[in-house]
Amino acid sequence: MKSPVGYSKSPIGSNPKLSPGRLSHNSSTFSANSSISGYTDYEKEDLNRVPLYKMLKHYTLQQYSKALITRDFGYDLTKLARLTRIEVDRLMNDIKMLPGHRVKFLKLVSMINQICLEIMDAEDTK
């Protein structure tokens, strides 16, 4: 099955134990034109530009995109890969994810982890 998103050039962070509340805020992700809806004007034009949205849509979980994008997971997928299982569980509780959707989301996070490992392995062999 083809991955919904290509490999990211985003580097893997050096601190794998960052919690969702302590992740650094990328100012380029959220601009001053962010509306009350939680999406920036750029995102409103085409949500398919947001890597996480494309992946969530592939798993039919796009209803959680706003909650995850506003928590700064939209563009740097490695942030999801760096979360511990406890942090992922906390995140799913915070966004009130339904039980069946939790299974799909865990598969998505697992796929992101696998992609990150493949990227790291490829960089190590260079």
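The analysis underlying the following values was restricted to heavy atoms, covering all of them including side chains, and did not include hydrogens, waters or symmetry mates.
Between Ile112 and Ala81, the shortest heavy-atom contact is CG2-CB, 4.0 Å. Nearest heavy-atom pair across Tyr59 and Lys104 is O-CD, 3.3 Å. Minimum heavy-atom separation, Pro51 to Leu77: CB-CD1, 4.1 Å.
For the pair Leu80/Leu52, a side-chain contact is recorded, criterion being any heavy-atom separation below 4.5 Å from C-beta on. Looking only at side-chain heavy atoms (C-beta outward), Arg102 and Asn93 come within less than 4.5 Å of each other.
Side chain of Lys79 to backbone of Asp72: a donor-acceptor contact under 3.5 angstrom is found. Distance alone, capped at 3.5 Å, is enough to place a donor-acceptor pair between the Arg71 side chain and the Ala67 backbone. Remark: side-chain polar atoms of Thr70 are paired, donor with acceptor, to backbone N or O of Lys66 under 3.5 angstrom.
Here the CE-CG distance, from Met120 to Asp124, works out to 6.5 Å after rounding to the nearest 0.5 Å. Taking CD from Gln63 and CD1 from Ile95, the interatomic distance works out to 9.0 Å, rounded to the nearest 0.5 Å. Going from atom SG of Cys116 over to atom CG of Asp121 covers 11.0 Å, rounded to the nearest 0.5 Å. With rounding to the nearest 0.5 angstrom, the CG atom of Leu68 is 5.0 Å from the CZ atom of Phe105. If you take CG on Leu108 and NE2 on His58, they are separated by 9.0 Å, rounding to the nearest 0.5 Å. Rounding to the nearest 0.5 angstrom, the gap separating the CG atom in Leu83 from the OG1 atom in Thr78 is 10.0 Å.
Counted within 6.0 Å of NZ on Lys57, heavy atoms from surrounding residues, nucleotides or ligands total 12 or fewer; the atom is thus considered open.
Note on Leu56 and Leu98: same hydrophobic cluster, where clusters join Ile, Leu, Val, Met, Phe, Trp and Tyr whose side-chain heavy atoms are under 4.5 Å apart, directly or indirectly.
Considering only residues two or more places apart in sequence or on other chains, Asp89 meets the salt bridge (charged side-chain N to carboxylate O under 4.0 Å, His left out) condition with Arg85. With sequence neighbours excluded, the residues that form a ring-ring contact (aromatic ring centres under 6.0 Å, His included) with Tyr64 are His101. Not a single side-chain contact (heavy atoms from CB on, under 4.5 Å) links Thr125 to another residue, sequence neighbours left out.
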